[in-house]
Amino acid sequence: MDRYPFYFEATYADELTGEVREGGFIIAADYPDAMQQIVALYDPGLIDIKLECLDDCALFFSLDKARKIKDLVDGADA
């Protein structure tokens with residue numbers, strides 16, 4: 001089964017901080033699979049979702065940009 005990168009933006013309700021907006025990337029087989037993954041992450045409390053399937057090569061970056069993204073994911077900005 002082919003899998004594709006999806007970009008998403010989610011808005012969800014958090015008991016402590018109120019409404020929170022996050023974005024990210026997931027790998028999924030199709031839109032229903034992507035939504036199932038997002039619901040598993042944010043429910044209960046999911047308010048809104050934007051979901052976009054990217055081209056299969058859309059996650060290729062220059063080495064410098066790829067390293068910056070990896071640092072962000074690893075929490076280097078914390």
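Because only heavy atoms are used, hydrogens play no part in the values below, and waters and symmetry mates are left out as well, while side chains stay in.
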Inset, instruction - For Glu9 and Asp48, indicate whether the former's side chain and the latter's backbone hold a donor-acceptor pair under 3.5 Å. - result: no

Legend entry - Same apolar cluster (I L V M F W Y, side chains within < 4.5 Å links), Leu51/Val20: yes

Inset, instruction - For Cys53 and Tyr4, work out which heavy atoms get closest and say how close. - result: SG-CB, 3.9 Å

Inset, instruction - Hey, could you give me the CD1/OG1 distance between Ile49 and Thr11, rounded to the nearest 0.5 Å? - result: 7.5 Å

Inset, instruction - Say whether, by atom type as modelled, one donor and one acceptor occur between the side chain of Tyr42 and the main chain of Ile47 under 3.5 angstrom. - result: no

Inset, instruction - Identify whether Ile27 and Phe25 are in the same connected component of the hydrophobic contact network (ILVMFWY, side-chain heavy atoms under 4.5 Å). - result: yes

Inset, instruction - May I ask you to decide whether Lys68 forms a salt bridge with Asp64, counting only side-chain N to carboxylate O separations under 4.0 Å? - result: yes

Inset, instruction - Check Ala29 against Asp33 and note the closest heavy-atom contact, atom names and distance. - result: N-OD2, 2.8 Å

Inset, instruction - Find the distance between CG (Leu41) and OH (Tyr12) and round it off to the nearest 0.5 Å. - result: 10.0 Å

Legend entry - Spacing of CD1 belonging to Ile38 relative to CD belonging to Glu22, to within rounding of 0.5 Å: 11.5 Å

Legend entry - Arg3, CZ atom: more than 12 neighbouring heavy atoms under 6.0 Å: yes

Legend entry - same_hphob_cluster(Leu72, Phe8) at 4.5 Å side-chain heavy-atom cutoff: no

Inset, instruction - First locate atom CD of Gln36, then atom OH of Tyr31, and finally report the distance between them rounded to the nearest 0.5 Å. - result: 15.5 Å

Inset, instruction - Using the rule that two of Ile, Leu, Val, Met, Phe, Trp, Tyr join whenever any of their side-chain heavy atoms come within less than 4.5 Å, decide whether Met35 and Tyr7 are in one cluster. - result: no

